[in-house]
Amino acid sequence: MQVGQLPVQTIGDVREALQRLLAHGSQFCELLLAHAELRDGLTQDGLPQINIDQLNTRFFLNDNFISKQQVPIVASGGVYNYVFSKLTQGKLIKQPDWHEWQKSEFLQLDQYQKQFMFGTPTKVLDRDNVFHLVWTYNIKDLDKRKKARCACDGSTRGGKVHLLDYTYANCVDHTASRMFYAISAAENLLIFGTDVCNAFSEAPPPKQGFYIQADRAFSEWWIHQGREPIPEGYVIPVMRAMQGHPESPRLWEMWCDQMIKKHDFKPTTHEPCLYTGIRQGEKCYFKRQVDDFEFAAPSTKLAHVFYEALDDHLSMPIKRQGMVSLFNGIDVQQTRHYIKISAETYIEKMGSKYLELWHKEVPLTAERPLPRPTHESFLKTFHQAVGDDDPSTTETLQRRYHFRYRNGFGELIYAMVTCHPDISTVTVKCAQHSANPAEIHFQAVKHAIKYLVATRKDGIYFWRATPRMDLPEHPIPICATSLHGPIPPEVHRPTHDCLQLHAYTDSDWATCTKTRRSFSGIIIQLAGGTIAYKTKLQPTMALSSTEAEFMAACDTGKMILFIRSILWDLGIPQQAATILYEDNDACTAMANAQKPTTRTRHMDIRYFALADWVEHDIMILERIHTSITISDHMTKILDRTLFYRHVDYIMGHIPPLYSPCYATYKTQPGPSIPQEHAIDDMCMSEYAAAAVKCSMESYPWTLITSCSALVQSNLCF
């Protein structure tokens with residue numbers, strides 16, 4: 001606690017501090033009552049985590065929002081609300097286009113009325129379950145349409161919620177989402193997207209029942225409907241689940257799940273947001289993410305038939321979005337030979353705010369970029385550097401580098417967990433230093449952001465076994481294997497069918513300089529691309545490299561079990577044991593032959609579940625040469641040659657053997673990146689005006705040749 005700039009601990013300290021301020025003639029002072037207690041770095045599981053102070057992307061990336069320092073506090077209905085949007089009701093009423101915003105308010109309430117949301121005004125004695133309405137206003141990016149959204153204030157400050165049921169609702173896991181795209185590519189399907197209007201309002205109300213207090217907008221709409229004004233002291237019964245109430249997400253999920261099951265679609269056990277079913281004799285897949293749906297089917301006709309069937313259960317028709325190109329922040333490109341997922345839209349918005357700060361023009365090399373600085377001393381300095389405990393030092397570095405450290409790697413985390421395993425290691429390493437970052441850690445985050453912006457068009461490729469002639473043909477990724485460095489001639493990469501699950505695991509023994517714990521690296525692939533990946537700091541210290549490898553293999557085995565279960569429920573059973581590639585002979589022998597050694601008797605018994613899985617023919621460990629162990633990328637920061645040797649296979653840049661594009665890839669020239677695939681230089685003003693848009697349809701690793709607006713001189717690629 002502080003009074004002004006004076007730290008205080010007792011009431012006596014407060015009195016003394018106030019007396020000092022009065023003695024100096026101060027009439028006002030600032031009171032600091034508490035600091036937010038935030039956990040830094042990695043979780044106990046060794047994975048990076050995002051805290052609430054890092055979740056500012058929605059407010060800071062959109063031009064319609066303002067920064068935290070400018071957030072006003074607005075009194076509405078007796079409740080003080082933090083309003084993050086520039087577009088507040090009080091400001092909009094004074095604008096000449098207020099009638100358009102009021103029309104949007106009425107449209108929102110009209111939609112609720114069609115869904116039988118509101119009952120007849122009544123008077124209640126117990127006002128514990130009477131909530132205020134909360135309005136948010138926004139301008140849609142796509143069509144510049146003015147939109148008003150109404151919800152009830154279900155927070156503890158808005159009313160006393162008496163929960164009579166659970167509030168948890170499922171969201172699709174990123175691994176399951178990537179599986180959906182991989183299966184769609186492998187089975188040569190098309191993916192269609194839809195959105196449900198006012199989805200929560202389709203579900204029944206909470207058990208306790210609740211009411212809303214009519215505000216200005218509601219009262220004006222009520223009279224506009226030709227009704228008598230609402231008497232003072234009366235409230236409106238809510239007859240359906242309403243957005244804002246804590247139970248509404250779960251009520252909608254349960255109702256939606258039952259609706260989908262009525263059409264003979266069955267969810268998977270461990271991922272209830274994924275479904276499979278038969279429509280007109282054709283196998284289809286369905287994915288739901290709250291009120292957004294994706295449907296994978298062989299033809300457009302099947303998708304229309306299915307959505308029309310769903311319309312019969314809804315009070316408002318589903319919004320058809322056609323073939324998916326953007327779904328919940330993930331860009332989806334469906335082409336003749338592959339399906340690519342990327343975070344291009346997110347990265348463009350995230351990178352645009354740094355344009356005027358430190359994305360300056362500098363000379364570039366023709367080499368591929370790396371997500372970390374390339375000077376020789378970086379790695380050693382990065383791991384050994386220790387930041388200053390003084391918060392003012394961190395604040396000075398934040399001002400110098402124009403971003404908060406926690407915000408910086410927090411922005412990296414979203415791209416990493418969706419479709420960028422290429423930055424996984426760097427992001428996890430940076431997360432370890434979030435409490436007291438040194439200057440070199442700021443440089444690392446800054447460089448990783450530059451790499452991400454430069455390669456924003458990159459993503460994970462899932463390859464079709466046969467081409468879809470009704471889809472546009474896009475060029476396959478340009479990838480010269482001559483840049484991968486020499487590989488022993490006796491080493492051959494394994495090949496797999498499109499729906500054959502396989503995995504890679506590795507560990508980097510005792511490389512955490514602070515704890516001497518090891519890092520696990522996991523890659524699991526399907527349809528030529530990566531569907532699951534992880535860089536994890538192991539929970540305990542390993543006494544040998546074999547022990548570290550065995551712990552990593554056990555973690556990989558658990559992920560394999562999860563994915564095999566989902567594939568089984570989706571009707572894609574793995575007939576043979578899943579191959580887990582491992583480059584440690586002792587680890588392979590311990591799992592396959594159950595051959596323990598005197599140096600592993602102390603290991604926790606839970607890790608030996610791996611041997612039991614092998615015994616039951618669920619998985620089998622297979623020796624692979626270290627030079628082609630792609631999971632090596634997930635354990636350490638590599639040089640340029642090894643980085644691209646592994647990343648080109650992790651991201652699916654190289655077509656698998658079953659793809660018709662494999663022969664085309666094999667005939668591509670092997671020299672360095674062709675100049676004709678580079679985009680033209682753009683000055684900073686042009687680049688900013690284009691909002692980080694790039695008109696070229698080529699692929700990200702060729703962008704770096706001359707896109708001089710993306711990097712900074714002291715940390716060139």
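For the single chain, residues carry numbers from 1 onward in sequence order.
Annotation: side chain of Val290 is in contact with side chain of Phe200 (closest heavy-atom distance under 4.5 Å). Inter-residue side-chain proximity for Ile630 and Val647 is flagged as unmet; no heavy-atom pair is nearer than 4.5 Å. Side chains of Leu190 and Leu471 form a contact here, defined as non-hydrogen atoms less than 4.5 Å apart. Between Pro317 and Glu308, the closest side-chain pair of non-hydrogen atoms is not below 4.5 Å. Put simply, the side chain of Gln289 reaches to within 4.5 Å of the side chain of Phe327, judged on heavy atoms. Taking the side chain as every heavy atom from C-beta outward, Glu187 and Ile572 approach each other to under 4.5 Å.
Tested against His263 for a side-chain contact (heavy atoms from CB on, under 4.5 Å), the candidates Phe286, Phe306, Tyr275 yield a single pass: Phe306.
Rounding to the nearest 0.5 angstrom, the gap separating the CG atom in Asp458 from the CD1 atom in Ile423 is 11.0 Å. Here the NE2 atom belonging to His646 is positioned 10.5 Å from the CZ atom belonging to Phe643, to the nearest 0.5 angstrom. The distance from atom OG1 of Thr505 to atom CD1 of Ile624, rounded to the nearest 0.5 Å, is 11.5 Å. Atom CD1 of Ile341 and atom OH of Tyr461 lie 11.5 Å apart (nearest 0.5 Å). For the atom pair OG1 (Thr268) and CG (Leu274), the distance works out to 5.0 Å, reported to the nearest 0.5 Å.
The salt bridge (Lys or Arg N to Asp or Glu O under 4.0 Å) analysis of residues 557-580, with sequence neighbours excluded, yields the pairs Asp555-Lys558. Sorted by first and then second residue, the salt bridge (Lys or Arg N to Asp or Glu O under 4.0 Å) pairs with a member in residues 315-332 read Asp311-Arg320; sequence neighbours excluded.
Judged purely by distance below 3.5 Å, without hydrogens or angles, the side chains of Thr629 and Asp506 never pair a donor atom with an acceptor atom. A donor atom on one side chain and an acceptor atom on the other are not found under 3.5 Å apart for Ser520 and Lys534. Side-chain contact check for Tyr112 and Gln243: no donor-acceptor pair (N or O, by modelled atom type) lies under 3.5 Å. Side chains of Ser315 and Glu202: a donor-acceptor N/O pair is present below 3.5 angstrom, by distance only. Between the side chains of Asn198 and Gln111, at least one donor N or O lies within less than 3.5 Å of an accepting N or O. At a cut-off of 3.5 Å, with distance as the only test, no side-chain donor of Gln500 or Gln574 sits close to an acceptor on the other residue.
By the neighbour-count criterion of 12 heavy atoms within 6.0 Å, atom NZ of Lys283 is densely surrounded, having more than that number from other residues, nucleotides or ligands.
Because its NZ or CZ atom is both nearer than 6.0 Å to the ring centre of Tyr649 and within 45° of the ring axis, Arg493 counts as a cation-pi partner of that residue.
Judged as a side-chain hydrogen bond (donor to acceptor under 3.5 Å, both in side chains), and not counting sequence neighbours, the contacts of Asp173 are Thr175. Thr530 is linked by a side-chain hydrogen bond (donor to acceptor under 3.5 Å, both in side chains) to Gln525, counting only residues two or more places apart in sequence or in another chain. Taking the ring-ring contact (aromatic ring centres under 6.0 Å, His included) definition, one finds that Tyr581 meets it with His496, Tyr504, sequence neighbours left out. The ring-ring contact (aromatic ring centres under 6.0 Å, His included) search around His420 returns none, not counting sequence neighbours. With sequence neighbours excluded, no residue forms a salt bridge (Lys or Arg N to Asp or Glu O under 4.0 Å) with Glu271. For Arg288, the salt bridge (Lys or Arg N to Asp or Glu O under 4.0 Å) partners two or more places apart in sequence, or in a different chain, are Glu253. Residues meeting the salt bridge (Lys or Arg N to Asp or Glu O under 4.0 Å) test with Asp470, sequence neighbours left out: Arg468. Residues satisfying the ring-ring contact (aromatic ring centres under 6.0 Å, His included) criterion with Phe462, sequence neighbours excluded, are absent altogether. A search for ring-ring contact (aromatic ring centres under 6.0 Å, His included) contacts involving Trp255 returns Trp252, not counting sequence neighbours. The salt bridge (Lys or Arg N to Asp or Glu O under 4.0 Å) test applied to Asp291 returns no partner, not counting sequence neighbours.
Scanning all heavy atoms of the two residues, the minimum distance from Thr335 to His474 falls at CG2-CD2, 3.3 Å. Closest heavy-atom contact between Cys284 and Ala297: SG-CB, 3.9 Å. Of all non-hydrogen atoms in Leu189 and Gln334, the two that sit nearest each other are O-OE1, 4.4 Å. Minimum heavy-atom separation, Ile460 to Gly529: CG2-CA, 4.2 Å. Of all heavy-atom pairs spanning Met316 and Cys197, the tightest one is CE-CB, 4.0 Å. Between Phe409 and Ala431, the shortest heavy-atom distance links the atoms CE1-CB, 3.9 Å.
Salt bridge Arg456/Glu344: absent, no basic N to carboxylate O contact under 4.0 Å.
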* To do: Take Lys261 and Asp257 through the test salt bridge (charged side-chain N to carboxylate O under 4.0 Å, His left out) and record every step on the way to the result.
  => CA-CA 6 Å; Lys261 288 179 179 178; Asp257 181 67; 3.0 Å; yes
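Between Phe180 and Tyr285, the ring center distance fails the sub-6.0 Å criterion.
Within the 3.5 Å criterion, the main-chain N or O of Pro656 finds no donor-acceptor partner in the side chain of Ser659.
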